[in-house]
Amino acid sequence: MPKLPRVYVTRNIPKPGLDLLREECEVEVWDSDDAIPKDELLKHVPGIDGLLCMLTDRIDKEVLEAAGPQLKCVGTMSVGYEHIDVEECKSREIRVSNTPNVSTDSVSELTVALLLLTSRRLLEGVDAVKQGAWGKWKPMWLCGMEMVHRTIGILGLGRIGYGVARRLKPFGVSKIIYHDVCKVSYADDVGAEFVPFDQLVAESDVICICCNLTPQTKHKFNMVTFKKMKKHAILINSGRGGVVHHDDLFDALTSGEIGAAGLDVTEPEPLPASHPLVSLHNCIILPHMGSNTIDSRNSMAETAAKNILACFSNKDAIGDVIVYR
Ligand code: DGY
């Protein structure tokens, strides 16, 4: 009987993904909800043919070296793959895959939820009730911003950016503008207009960051950017924390350069509870939970598993980042 390919899975993932892998591979799992420590990862990878990893695992030269030259593929159970040294994988002819599409709806939905949470000051309201600070109705209390007639700016009109635009349009926004590495044809479906980054920043009442972290987007939102934004502008980040310079964000929120921020992703993650941003009333921080739905998680696990299997059978993967055949 031919030897089954060996796959290491760096976390306890939903059953649909594991079941698929177990049909065709010898599978070993880091059986925990917590991230595998690097030294454990290094101990478990020698001799594997495939690695199914999470966005918390740094897959660098050391890990690839420890795995050995038989390693054929690295599949991450995430859309983002900045934790994988793609260049190093390329040089070793290791296929890299991700899980696009399957979390588009959950992340788009969460982005809009976070925007409304922030723009309507909902957590301050919830806190007031809990703290017994809810007095008689006051006309000037906890007034937020409506979406109607606002200009929405989206940085990164990929699947998630588009999903956010599609969901916000029925709110009666006046305009959707976007910036990306290039114009995209489907922008017309939501009436989104491509603009230079500086125009996006200057004209938007709300900016949603829906892009990847790349050398070009790293700390793109810094004090220089914040100073160009409207004073009441709301910044929402569901892309990657590294797109925003967090010390500058703190200064911008406390000095009134911008109105409020909602972050589902931060730099670092987890953001310590003692971080100055956590104490601000005009900054809402969620613990990177954009794709936290049962549907998305099952599909992410299945897609990541299918990507690994596609590599072993020399087929196209659903989320090919780099391919060698
Ligand atoms: C991803 O898939 O990259 C997300 O950030 C996880 O929710």
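Atoms within a ligand are numbered from 1 in the order they appear, just like the ligands themselves. The structure displayed is predicted, hence computed values, not measured ones.
- Residue contact annotation: Met289 has no non-hydrogen atom under 4.0 Å from ligand 1.
- At a 3.5 angstrom cut-off on N or O pairs, Thr99 does not count as close to ligand 1.
- An N or O contact shorter than 3.5 Å links Val79 to ligand 1 by distance.
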Checklist line | Check against side-chain contact (heavy atoms from CB on, under 4.5 Å), Phe221 and Ile207 | finding: CA-CA 11 Å; Phe221 283 82; Ile207 297 181; 3.8 Å; yes

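- Those atoms of ligand 1 that come under 4.0 Å of a heavy atom in His288, given as number and element, are 4 (C), 5 (O), 6 (C), 7 (O).
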Next item on the list: Would you check, one step at a time, whether the test salt bridge (Lys or Arg N to Asp or Glu O under 4.0 Å) holds for Lys72 with Asp49?
Entry: CA-CA 5 Å; Lys72 289 177 195 59; Asp49 302 289; 3.4 Å; yes

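- Residue pairs that meet the salt bridge (Lys or Arg N to Asp or Glu O under 4.0 Å) test with at least one member in residues 124-153, sequence neighbours left out, are Arg121-Glu124.
- Proximity to Gly80 (heavy-atom distance under 4.0 Å) selects the following atoms of ligand 1: 1 (C), 3 (O).
- Of all protein heavy atoms, the one lying nearest to atom 7 (O) of ligand 1 is Ser291 OG, 2.6 Å.
- Heavy-atom distances between Arg240 and ligand 1 reach below 4.0 Å in at least one pair.
- When heavy-atom distances to ligand 1 are checked against a 4.0 Å cut-off, Leu55 comes that close only through its side chain, counted from C-beta outward.
- Ligand 1 has no N or O atom lying under 3.5 Å from any N or O atom of Ser103, backbone or side chain.
- Of the possible polar contacts, one joining the Asn222 side chain to the Thr225 backbone as a donor-acceptor pair under 3.5 Å is found.
- Within the model, atoms CD1 of Ile36 and CG of Asn12 stand 12.0 Å from one another, a figure rounded to the nearest 0.5 Å.
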Margin query: Between Glu257 and Lys228, does the salt bridge (Lys or Arg N to Asp or Glu O under 4.0 Å) criterion hold? Intermediate values first, please.
Written below: CA-CA 9 Å; Glu257 284 302 340; Lys228 293 177 186 160; over 6 Å; no

Only pairs under 3.5 Å count here: list side-chain donor-acceptor contacts from residues 264-278, not counting sequence neighbours, and write none if there are none.
| unit_1 | atom_1 | unit_2 | atom_2 | d |
| --- | --- | --- | --- | --- |
| Asp264 | OD1 | His288 | N | 3.2 |
| Asp264 | OD1 | Met289 | N | 2.7 |
| Asp264 | OD2 | Met289 | N | 3.2 |
| Asp264 | OD2 | Gly290 | N | 2.9 |
| Thr266 | OG1 | Pro268 | O | 2.8 |
| Glu267 | OE1 | His219 | NE2 | 2.8 |
| Glu267 | OE2 | Lys218 | NZ | 2.7 |
| Glu269 | OE1 | His288 | ND1 | 2.7 |
| Glu269 | OE2 | Thr266 | N | 2.9 |
| Glu269 | OE2 | His288 | ND1 | 3.3 |
| His275 | ND1 | Leu277 | N | 3.0 |

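- For ligand 1, the polar-atom distance check finds no N/O of Met77 at less than 3.5 Å from any of the ligand's N/O atoms.
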